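Below is one structure, written out as C-alpha cells, with a few remarks after it.
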Amino acid sequence: MEFRVKRAPRIDAEITVPGDKSISHRAPIISALSNGVCVLRGFLPSNDCMRTVQALRVCGIPIEQPEPELLIIHGKKRLLTQPSGDIDCGNSGTTMRLLAGLFAGQPFNCRLVAGSTLSKRPMGRVIKPLREMGANIVAEGPNESAPLRITGSRLRGIEYDSPIASAQVKTALLLAGLFAKGKTTVKEPAPTRNHTELMLNYFLVRTLEEEDGGITIWGDQVPESRDFFIPGDISSAAFWLVAAGAQPGGHLLVRDIGLNETRTALLGVLIRMGAQVREAVEDVDQIEPRGTVEITGAPLKGTTMQGREIPQLIDELPILAVAGALASGTTTIRHAEELRIKETDRIAAIAHNLRAMGAQVIELNDGLEIHGRGSLRGARLASFGDHRIAMAFAIAGLFAEGETVVQDADCVNESYPEFGKALEEVMNPKRQRVTTPVISSLTASRVDSEE
Ligand code: S3P
C-alpha cells in the first residue's frame, strides 16, 4: 500500500483517535496477572498490540475480543503456562521488551522471535538488568538482538540505575520485579511515560515513588481485577495536531485523548512554535487523565527540543521535525540518539525524506537541525518500514507543492490502522464538522512553558 497525498484544503474538524498504544500493551498484561475478569474498552487493535494479546493467549490466558476495541481478559492470578512454540513479537519492540521482563521469572522456558525491523533492535538494555536479577536470557542474534531464549529462573529484586531513559526498560523490570524476591527499584536519568506505575496502582499493586524519582515494586503481589477504559493515543493525534497547527486558520478538536503529563510535551512545543493550543482534562477517575485538545493553526516558527523534554516526546519527533520544516527559522532537536534505534534510524530517515522534499537539513549524531523555508515540494518517499515515518511524511505531503507518494505504507498498521482513511477525509472533507470555536467552553488551558 502507498499513500498518495495532495495539498490539503483548510482543516476544520473534530476527531477522535484510536486507543493509546502504550496502555494497550500494559493493560492486557496486568489484567492477565490479576485475580479475575477485566473488561478493557478503547483497546488499540493494531498489529503491535495484538502481538502482546496473542502472546498472553498462548500462555493460557483466555482473552475474548467481541469487538476490535473490546477485550475481556480472564486473569489467572499470575499463573501463566508454558507456550507450545515460539512467541512471535512481530515488529513490536514494546511486546518483546515487556515480555522479556514478564517471562524471566516464570517457571517455564520460552523463545521470543522478531520480524525484520525488530530483529535489528538492541535487547541488551533489558537483558543486562534482568540478568542482574538472576534471569537466564540468551540473545541469539548479533549484538544482543532477537531471538531471545528465556529459561525461567528465580529472580531477586535489585536497585537499578538505568543509563537510558526508556519506559520499556522500566516496565520490563517492574514486571520482573512482580515475580522477584524482595523489592525492585528502577531509577531513570529522566522521567519517561508512567503508564505502568499508574496502572499497577489502579490494580492495587503496591509501588512507591522514591524521592529521587525512582520507582519501587514489591514481589509476590496479585493485581486486583479491574475494568479499564483506554484513552485515545496522543501520539496518533500528534499527526493531525501538526496538520492543523501548521495551517494558518486551521482548526482541530481532538476529543477523548490521553492527557497524561508524561505524554503531552508536544503541546508545549506546538505552542512555542506559535500555534494556539488548549487542553482540558475531563476525567481522571480511572487513573489516566483524558480530555480534549483544541488547536488553531498559525505560521509556525522554529524551536529547540532537547534534554529532559526528549523522552516525553520521543515518538512525536518525526512529525515535529516535519513541523520544523514548515516553520520559519531553525528547529533543532538534540539528545535524541534513541531515534537511531527505533523501527528504523529515524534521524537518517527524516533527514533523507525532508531533503527529498526540498528542505535544508543537517543531520547531527543525536538529532537534527532543520532550516525551515515554509514550503515543501512533493516527492516519492520511502517509509523505511516505520509507521511514524510513513505518517509524518503523509502529513508533510498535505503541505507540499504537487503530489507526494509514501511507499510501503502498510507499516501504519503497527499503531494506527485507520490512518489512511483519516488522511482521505482530510484531503476530501465531506462536510465542515466544526464551525464555531469551542475554546471558551473548555475548562482549563495550558499556559506554555519556557522556550
Ligand atoms: C514505549 C516507550 C518508548 C516509545 C515506544 C513505546 C512504551 O520506547 O518510543 O513507542 O510503551 O513503553 P523506549 O522505552 O525505547 O523509549
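For clarity, every value in this text was computed on a predicted model and none was experimentally measured. Atom set for the values below is all heavy atoms of this structure, side chains included, hydrogens, waters and symmetry mates excluded. Read the numbers this way: they start at 1 and go in the same order the structure lists the ligands and their atoms.
Y160 is linked by a ring pair (Phe, Tyr, Trp, His ring centres under 6.0 Å) to nothing, counting only residues two or more places apart in sequence or in another chain. Residues satisfying the side-chain contact (heavy atoms from CB on, under 4.5 Å) test with A146, not counting sequence neighbours, are M96, A114.
The residues lining ligand 1, counting any heavy atom closer than 4.0 Å, are K21, S22, R26, T94, R97, S166, A167, Q168, R193, I314, D315, K342.
Between the side chain of T192 and the backbone N or O of A190, no donor-acceptor pair lies under 3.5 Å.
Checked against the 6.0 Å centroid threshold, Y416 and F239 do not count as a close aromatic pair.
A cation-pi contact, defined as under 6.0 Å to the ring centre and within 45° of the axis, is absent between R346 and F384.
A side chain to side chain donor-acceptor pair (under 3.5 Å) check over residues 56-72, counting only residues at least two apart or in different chains, returns the pairs Q54-R57, E64-H74.
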